[in-house]
Student: 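Please see the structure below; I have some questions.
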Amino acid sequence: MADYTLEGDGTNWGAPVYQCVVDDGFDAGSDVFGVDVLSALEDTLRRIRSARAGMGDFDEVAREVMGVEQFRPEMYDDDYGSVALDLGYVLPSLMASFEPRPAAASAPDGADPTLLADDSAASSRLV
């Protein structure tokens, strides 16, 4: 697991913390905002889609867990700052932080990716 925040997403109470799944051997030290991070985000998005299939709440769960939004035409503007992902979704702004959790703090294999957000992250989303 890894926790991350997005630029411009903060409030007086802090910034929402989002999560994605990273492999045990994930090395963010070499290139934090590189291909490995994008792959982890896209993999997590696909896991959520698979876990939420037929439930009708994929958009809501993906937004809550990952902070993603569906792509909109105005996001083509270079000044918008969005990060394109698979499935027609984007991070609405650049990442402000990305911190892989220690292996012991990660969810066990087979865990439902829709339940990965911890309580401290949920409380920081109150606006």
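Nothing fancy with the numbering, it's 1 onward along the sequence.
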Student: To the closest 0.5 Å, what do you measure between CD (Glu64) and CG (Asp57)?
Tutor: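 Interatomic distance, Glu64 CD to Asp57 CG, rounded to 0.5 Å: 11.5 Å.
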Student: Assess whether side chain to side chain contact (heavy atoms under 4.5 Å, CB included) is satisfied between Met1 and Val21, documenting all intermediate values.
Tutor: CA-CA 5 Å; Met1 293 296 304; Val21 177; 4.2 Å; yes
Student: Which distance, rounded to the nearest 0.5 Å, do you find between the OH of Tyr18 and the OG1 of Thr5?
Tutor: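 Rounded to the nearest 0.5 Å, the OH-OG1 separation comes to 9.5 Å.
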Student: Looking at every heavy atom in both Val68 and Tyr89, which two are closest together, and how far apart are they?
Tutor: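 In terms of heavy atoms, the two residues are closest at CG2-CD2, 3.9 Å.
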Student: So among Asp43, Thr44, Leu45, Val37, which one has a side-chain contact (heavy atoms from CB on, under 4.5 Å) with Leu41?
Tutor: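 Testing Leu41 for a side-chain contact (heavy atoms from CB on, under 4.5 Å) against Asp43, Thr44, Leu45, Val37 leaves exactly one candidate, Val37.
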Student: Using atom types as modelled and distance alone, determine if a side-chain donor or acceptor of Tyr4 lies under 3.5 Å from a backbone N or O of Met66.
Tutor: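 It does hold such a pair.
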Student: For residues 81-90, which residue pairs qualify under salt bridge (Lys or Arg N to Asp or Glu O under 4.0 Å), counting only residues two or more places apart or in two chains?
Tutor: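 Sorted pair list: Arg46-Asp86.
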Student: Without swapping roles, check the side chain of Ser93 against the backbone of Glu7 for a donor-acceptor pair under 3.5 Å.
Tutor: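 Such a contact is found between Ser93 side chain and Glu7 backbone.
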Student: Evaluate Arg52 against Glu60 for side chain to side chain contact (heavy atoms under 4.5 Å, CB included), listing each step before the verdict.
Tutor: CA-CA 10 Å; Arg52 305 310 294 180; Glu60 179 182 334; over 6 Å; no
Student: Which pair of non-hydrogen atoms, one from Glu42 and one from Leu85, has the smallest distance, and what is that distance?
Tutor: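 So the two residues come closest at OE2-CA, 3.7 Å.
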Student: Could you report the tightest heavy-atom contact between Ala84 and Val90, atom names first, then the distance?
Tutor: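 That would be CA-CG1, 3.8 Å.
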Student: Could you please spell out the steps behind the side chain to side chain contact (heavy atoms under 4.5 Å, CB included) verdict for Val65 and Arg47?
Tutor: CA-CA 12 Å; Val65 173; Arg47 288 176 185 231; over 6 Å; no
Student: Show me the pairs that pass ring pair (Phe, Tyr, Trp, His ring centres under 6.0 Å) and involve residues 38-57, at least two apart or across chains.
Tutor: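 Output for this query is empty, none listed.
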Student: For Val61 and Met55: C-alpha separation, side-chain torsions, deciding distance, then whether side chain to side chain contact (heavy atoms under 4.5 Å, CB included) applies.
Tutor: CA-CA 10 Å; Val61 172; Met55 296 186 187; over 6 Å; no
Student: Rounded to the nearest 0.5 Å, what separation is found between the CD1 atom of Ile48 and the CZ atom of Arg63?
Tutor: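 The CZ atom of Arg63 is 12.0 Å from CD1 of Ile48, to the nearest 0.5 Å.
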Student: Does the side chain of Val22 come within less than 4.5 Å of Phe98's, by heavy atoms?
Tutor: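 With C-beta onward as the side chain, the pair touches.
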Student: Only counting residues at least two apart or in another chain, list the ones meeting salt bridge (charged side-chain N to carboxylate O under 4.0 Å, His left out) with Asp59.
Tutor: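 Testing Asp59 for salt bridge (charged side-chain N to carboxylate O under 4.0 Å, His left out), a comparison that skips the adjacent residues, returns none.
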